[in-house]
Colleague: 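One structure follows; several queries about it will come next.
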Amino acid sequence: MSNRALCREASHAGSWYTASGPQLGAQLEGWLSQAQTSKRPARAIIAPRRVFILGPSHHVALSRCALSTVDIYRTPLYDLHIDQKVYGELWKTGMFERMSLQTDEDEHSIEMHLPYTAKAMESHKDEFTIVPVLVGALSESKEQEFGKIFSKYLADPTNLFVISSDFCHWGQRFRYTYYDESQGEIYRSIENLDKMGMGIIEQLDPVPFSNYLKKYHNTICGRHPIGVLLNAATELQKSGVNMSFSFLNYAQSSQCRSWQDSSVSYAAGALVVH
């Protein structure tokens, strides 16, 4: 048997983002330098040893969560190593399946966070691992079960969780054209709908979020990874852990004004354990 490490190539590099390491590094540096940091000065910083990345499945029907079959995720900056010890623990629960290399490389939801992760962790690049998890179309009870599984990892301050999601995909090409005329222009209606969902997510309670999705059917592609996080947070809050979630930024790819238009919304938020 060969001991050669199995690798997932950066399959969307060169199309969704640049395949040039130096160019990508410079772009990320520029974007990250523009990001608003926490208002409170930090007294101490713990660099995570493990970065969990939960992304939704766009191409393959999954009713559970799936783990990768490779050892290394390539990026144009440097290779990221999967934490095989944690993968072993997750696999032993019997709740996970394996995704094929084809599925892994076709999916973009996890990969789009890898360059940011690599750049942010550059000064610790030999000191951390990643735990990529592809999240299927989970039922509410499955979201709860996976939330329980991940809660112990969320409780560990040496772990960081990245949840991959866009917000509203609006337009006929997305088969979603909800419009509340009382909000004015279409893009204002989209923003109001998204911010309603964001406010509910900030409550850290999976039930109102689930009810919101049932009522408005907002096309939030990472609704299941978000559901898993909310359930994990709920589990920790039951044991007395104090935490809060707040959104930091919101944007739309374009401003929809007519039925021919389309847009995708984006939101960034952070969970803080007090």
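Nothing fancy with the numbering, it's 1 onward along the sequence.
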Colleague: So, using salt bridge (Lys or Arg N to Asp or Glu O under 4.0 Å) as the criterion, who are the partners of R49 when residues are at least two apart?
Modeller: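 By the salt bridge (Lys or Arg N to Asp or Glu O under 4.0 Å) rule, R49 matches no residue at all.
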Colleague: Please list every donor-acceptor pair under 3.5 Å in which a side-chain atom of residues 191-200 meets a protein atom from a residue at least two apart or in another chain.
Modeller:
unit_1, atom_1, unit_2, atom_2, d
E191, OE2, K195, NZ, 2.8
D194, OD1, C168, N, 3.3
D194, OD1, N218, ND2, 3.0
D194, OD2, Y250, OH, 2.6
D194, OD2, S265, OG, 2.7

Colleague: Quick one: are E107 and L134 in side-chain contact, heavy atoms under 4.5 Å?
Modeller: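 In contact.
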Colleague: By the salt bridge (Lys or Arg N to Asp or Glu O under 4.0 Å) test, which pairs, at least two apart or in different chains, include something from residues 132-157?
Modeller: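 Qualifying pairs, neighbours excluded: E140-K214.
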Colleague: Looking at side-chain heavy atoms only, is the closest gap between Y87 and R98 below 4.5 Å?
Modeller: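 A side-chain contact exists here, since the closest heavy-atom pair is under 4.5 Å.
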Colleague: Between the side chains of S263 and Q252, does any donor sit under 3.5 Å from an acceptor?
Modeller: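 Distance-only check fails for S263 and Q252.
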Colleague: Go through V135 and C65 one step at a time and tell me if the side-chain contact (heavy atoms from CB on, under 4.5 Å) criterion holds.
Modeller: CA-CA 4 Å; V135 180; C65 291; 4.0 Å; yes
Colleague: Can you give me every donor-acceptor pair (side chain of residues 235-242, partner residue at least two apart or in another chain, under 3.5 Å) with its distance?
Modeller:
unit_1, atom_1, unit_2, atom_2, d
E235, OE1, K238, NZ, 3.4
S239, OG, L236, O, 2.8

Colleague: Could I get the full list of salt bridge (Lys or Arg N to Asp or Glu O under 4.0 Å) partners for R223, not counting sequence neighbours?
Modeller: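 Here no residue qualifies.
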Colleague: Applying the 4.5 Å side-chain criterion to the ILVMFWY set and letting contacts propagate, would V228 and V207 be lumped into a single cluster?
Modeller: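 They do not share one cluster, since no chain of ILVMFWY contacts under 4.5 Å joins V228 to V207.
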Colleague: Is any side-chain heavy atom of T177 closer than 4.5 Å to a side-chain heavy atom of W170?
Modeller: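 Yes, close enough: below the 4.5 Å cut-off.
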Colleague: Measure the spacing between OG of S68 and CD1 of I130 and express it to the nearest 0.5 Å.
Modeller: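 S68 atom OG to I130 atom CD1 measures 8.5 Å (nearest 0.5 Å).
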Colleague: When you compare the side chain of I82 with that of D71, does any pair of heavy atoms fall below 4.5 Å?
Modeller: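 Answer no - side chains too far apart.
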Colleague: If every non-hydrogen atom of R64 is compared with every non-hydrogen atom of M95, which pair is closest and at what distance?
Modeller: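 R64 and M95 have their closest heavy atoms at CD-O, 3.4 Å.
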Colleague: Verify, without hydrogens or angle tests, whether D261 (side chain) and S258 (backbone) share a donor-acceptor contact under 3.5 angstrom.
Modeller: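 Yes, D261 side chain to S258 backbone: donor-acceptor pair under 3.5 Å.
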Colleague: Determine the minimum heavy-atom distance between E105 and C7, stating which atoms define it.
Modeller: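 In terms of heavy atoms, the two residues are closest at OE2-O, 4.2 Å.
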Colleague: Which residue is it: T234, N231, L271? I am looking for the one with a side-chain contact (heavy atoms from CB on, under 4.5 Å) to L204.
Modeller: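 Testing L204 for a side-chain contact (heavy atoms from CB on, under 4.5 Å) against T234, N231, L271 leaves exactly one candidate, L271.
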Colleague: Specify the closest pair of heavy atoms between S262 and C256, including all atoms of both residues, with the distance to one decimal.
Modeller: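 That would be C-SG, 3.5 Å.
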Colleague: Does the side chain of N249 come within less than 4.5 Å of Y266's, by heavy atoms?
Modeller: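 No, too far: nothing below the 4.5 Å cut-off.
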Colleague: A quick test of your reading: do over 12 heavy atoms of other residues, nucleotides or ligands sit less than 6.0 Å from CZ of R188?
Modeller: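 Not more than 12 within 6.0 Å, no.
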Colleague: State, yes or no, whether a side-chain contact exists between P76 and Q23 at a heavy-atom distance under 4.5 Å.
Modeller: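 Side chain of P76 against side chain of Q23, heavy atoms only: no contact under 4.5 Å found.
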Colleague: I need the full list of ring pair (Phe, Tyr, Trp, His ring centres under 6.0 Å) pairs touching residues 177-225, with sequence neighbours left out, sorted by first then second residue.
Modeller: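 Non-adjacent pairs meeting ring pair (Phe, Tyr, Trp, His ring centres under 6.0 Å): Y178-Y216, Y179-W259, Y212-Y216.
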Colleague: Taking side-chain contact (heavy atoms from CB on, under 4.5 Å) as the definition, give me every residue that meets it alongside S164, ordered by chain and number, with sequence neighbours left out.
Modeller: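 For S164 the side-chain contact (heavy atoms from CB on, under 4.5 Å) partners, ignoring immediate neighbours, are P56, S109, H113.
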Colleague: Can you find a pair of side-chain heavy atoms, one from I72 and one from H81, that are under 4.5 Å apart?
Modeller: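 Yes - at least one pair of side-chain heavy atoms lies under 4.5 Å apart.
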Colleague: List the steps, then state whether side-chain contact (heavy atoms from CB on, under 4.5 Å) holds for L67 with V133.
Modeller: CA-CA 5 Å; L67 306 176; V133 179; 4.2 Å; yes
Colleague: Going by salt bridge (Lys or Arg N to Asp or Glu O under 4.0 Å), name the residues that satisfy it together with E89, two or more places apart in sequence or in a different chain.
Modeller: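 Partners of E89 under the salt bridge (Lys or Arg N to Asp or Glu O under 4.0 Å) test: K85.
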Colleague: Return the OG to CG distance between S11 and L101, rounded to the nearest 0.5 Å.
Modeller: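 S11 atom OG to L101 atom CG measures 9.0 Å (nearest 0.5 Å).
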Colleague: Are the side chains of T117 and T75 in contact, using a 4.5 Å heavy-atom criterion?
Modeller: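 No; the side chains remain at least 4.5 Å from each other.
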Colleague: What's the spacing between R50 CZ and N159 CG if we round to 0.5 Å?
Modeller: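 R50 CZ to N159 CG: 4.5 Å, rounded to 0.5 Å.
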Colleague: Taking atom OG1 of T18 and atom CG of L28, what is their separation to the nearest 0.5 Å?
Modeller: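 Nearest 0.5 Å value for the OG1-CG distance: 10.0 Å.
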Colleague: Enter the distance from I110:CD1 to S57:OG here, rounded to the nearest 0.5 Å.
Modeller: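 Result: 9.0 Å between the selected atoms.
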Colleague: What residue pairs, at least two apart or across chains, pass ring pair (Phe, Tyr, Trp, His ring centres under 6.0 Å) with a residue in residues 126-149?
Modeller: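 Every pair satisfying ring pair (Phe, Tyr, Trp, His ring centres under 6.0 Å) with a residue in residues 126-149: F96-F146.
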Colleague: When rounded to the nearest 0.5 angstrom, what distance separates OG1 in T219 from CG in L213?
Modeller: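 CG of L213 is found 10.0 Å from OG1 of T219.
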Colleague: I'd like to know whether L154 forms a side-chain contact (heavy atoms from CB on, under 4.5 Å) with F52, so could you lay out the CA-CA distance, the side-chain angles of the two residues, the decisive distance to 0.1 Å, and finally the verdict.
Modeller: CA-CA 9 Å; L154 186 62; F52 287 73; over 6 Å; no
Colleague: Hydrophobic cluster membership, with links at side-chain heavy-atom distances under 4.5 Å among I/L/V/M/F/W/Y: are V264 and Y17 in one?
Modeller: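 Result: no, two separate clusters.
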Colleague: Quick one: which residue pairs count as a ring pair (Phe, Tyr, Trp, His ring centres under 6.0 Å) with a foot in residues 53-74, not counting sequence neighbours?
Modeller: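 Applying ring pair (Phe, Tyr, Trp, His ring centres under 6.0 Å) to every pair that reaches into residues 53-74, excluding sequence neighbours, yields H58-H108.
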Colleague: Is it true that, when you exclude Q102 itself, more than 12 heavy atoms of the residues, nucleotides or ligands shown sit nearer than 6.0 Å to its CD?
Modeller: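 Counting neighbours around CD of Q102, 12 or fewer heavy atoms of other residues, nucleotides or ligands fall under 6.0 Å, so no.
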Colleague: Sorted by first residue and then second, give each salt bridge (Lys or Arg N to Asp or Glu O under 4.0 Å) pair with at least one member in residues 6-35; sequence neighbours left out.
Modeller: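 Only R8-D104, R8-E111, E9-R74, E29-K119 qualify under salt bridge (Lys or Arg N to Asp or Glu O under 4.0 Å).
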Colleague: Restricting to salt bridge (Lys or Arg N to Asp or Glu O under 4.0 Å), what partner residues turn up for D166, sequence neighbours left out?
Modeller: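 Checked D166 against salt bridge (Lys or Arg N to Asp or Glu O under 4.0 Å); zero matches.
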Colleague: Testing the basics here: between P208 and Q203, what is the closest heavy-atom pair and its distance to 0.1 Å?
Modeller: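 P208 and Q203 have their closest heavy atoms at CG-OE1, 3.8 Å.
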Colleague: Answer yes if the side chains of S139 and S141 hold a donor-acceptor pair under 3.5 Å, and no otherwise.
Modeller: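 Their side chains do contain a donor-acceptor pair, which is all the 3.5 Å distance test asks for.
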Colleague: Is H169 reaching over with its side chain to a backbone N or O of F167, donor-acceptor style, under 3.5 angstrom?
Modeller: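 Present.
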Colleague: Are L248 and L229 linked, directly or through other ILVMFWY residues, by side chains that come within less than 4.5 angstrom of each other?
Modeller: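 Different hydrophobic clusters.
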